[in-house]
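Just so we're on the same page: letters track the sequence lines, and every chain starts at 1. Computed over heavy atoms, backbone and side chain alike; hydrogens, waters and symmetry mates excluded.
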Number of protein chains: 2
Amino acid sequence: MPADRIPPHPDPRDIPLQQVLEALIEPARRAIIEQLSAHPADIACGAFDLTITKSTATHHFRVLREAGLIRQYYAGTSRMNSLRREEFDDAFPGLLEAVLRASLREAGPRGMRS
Amino acid sequence: MPADRIPPHPDPRDIPLQQVLEALIEPARRAIIEQLSAHPADIACGAFDLTITKSTATHHFRVLREAGLIRQYYAGTSRMNSLRREEFDDAFPGLLEAVLRASLREAGPRGMRS
DNA sequence: GTCAAAGTTTGACCATGGTCGTACTTCTGT
DNA sequence: ACAGAAGTACGACCATGGTCAAACTTTGAC
């Protein structure tokens, strides 16, 4: 029996702004979002570049999922993650783009001249 | 001597995204931003519609000012507040607009049909 | 000069949330 | 069937930050 290993995925439109901001404020969670948006394919939980333990990572993935930011599904024993880009943008237009842009601007342009 | 009652106003471009999000995550602080963006003129600290004590409000205003979101100056014994719209938008394009839009969507459209 | 108004500062309290270790579950390969 | 891999769940710990009360400062008005 597949059981209900597939966790619930709320509609981003039903999520209050407060919850979304609380999800995006944690640096490790933003790192997850950044890596998802930079990578073309979905990523397994264990394949992210994070410096935290597995149990902490699980916590972060759940917060992101419940905030409508990521989708999770099983591929064998791995739990895959993908960004819910369109659905989230539809509920919070411009928000993810603004956060990602600021995030990349801080960590991104190595060696840029003013 | 006017003394240094005028607190420091950092350049929004020097503020990390983390600090901005921490400023925007508090509902009372978002209420301040919303009221500033909805009102044409500047607003004194005591003239906001808030349900917190003065000392707590002072704390929130400081957080917003240090995050580059508001400008403060004295008018007599009142401390006036204004939104640093352009400067902030220049540093974090689209962020304030996205947050304000989501904020107003939740509390705003009274009586709207689907 | 005195008094009230408007904010600030300080200190304390407390709830929230990120963190980890440990134990547990579920699936895959052999 | 068994072992290992990949995550999850639970509990505990602890730092951070919002909150208030009380005392203080500064300004404007009379």
Given the rule in the side-chain contact (heavy atoms from CB on, under 4.5 Å) test, do A/L95 and A/V99 qualify, once you have shown the distances and angles that lead to the verdict? CA-CA 6 Å; A/L95 182 55; A/V99 169; 4.3 Å; yes
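Every pair passing salt bridge (charged side-chain N to carboxylate O under 4.0 Å, His left out) that includes a residue from residues 8-25 of chain B is listed here, sequence neighbours excluded: B/D11-B/R13, B/R13-B/D90. Pairs engaging residues 36-45 of chain A under the side-chain hydrogen bond (donor to acceptor under 3.5 Å, both in side chains) rule: A/D42-A/Y73 [sequence neighbours left out].
Shown here are the side-chain hydrogen bond (donor to acceptor under 3.5 Å, both in side chains) partners of B/R62, two or more places apart in sequence or in another chain: there are none. Contacts of B/T58 classified as side-chain hydrogen bond (donor to acceptor under 3.5 Å, both in side chains), with partners at least two apart in sequence or in another chain: none.
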What's touching nucleotides 11-13 of chain C from the protein side, N or O pairs under 3.5 Å?
none

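Judged purely by atom type and a 3.5 angstrom limit, A/R29 uses its side chain to pair as donor or acceptor with the backbone of A/A23. Listed for the B/Q35 side chain is no donor-acceptor partner under 3.5 Å among the backbone atoms of B/F48.
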I need a per-nucleotide contact map over nucleotides 5-19 of chain D, read 5' to 3'. Cutoff is protein heavy atoms under 4.0 Å; write B for the base, S for backbone only, - otherwise. BBBBB--------SB
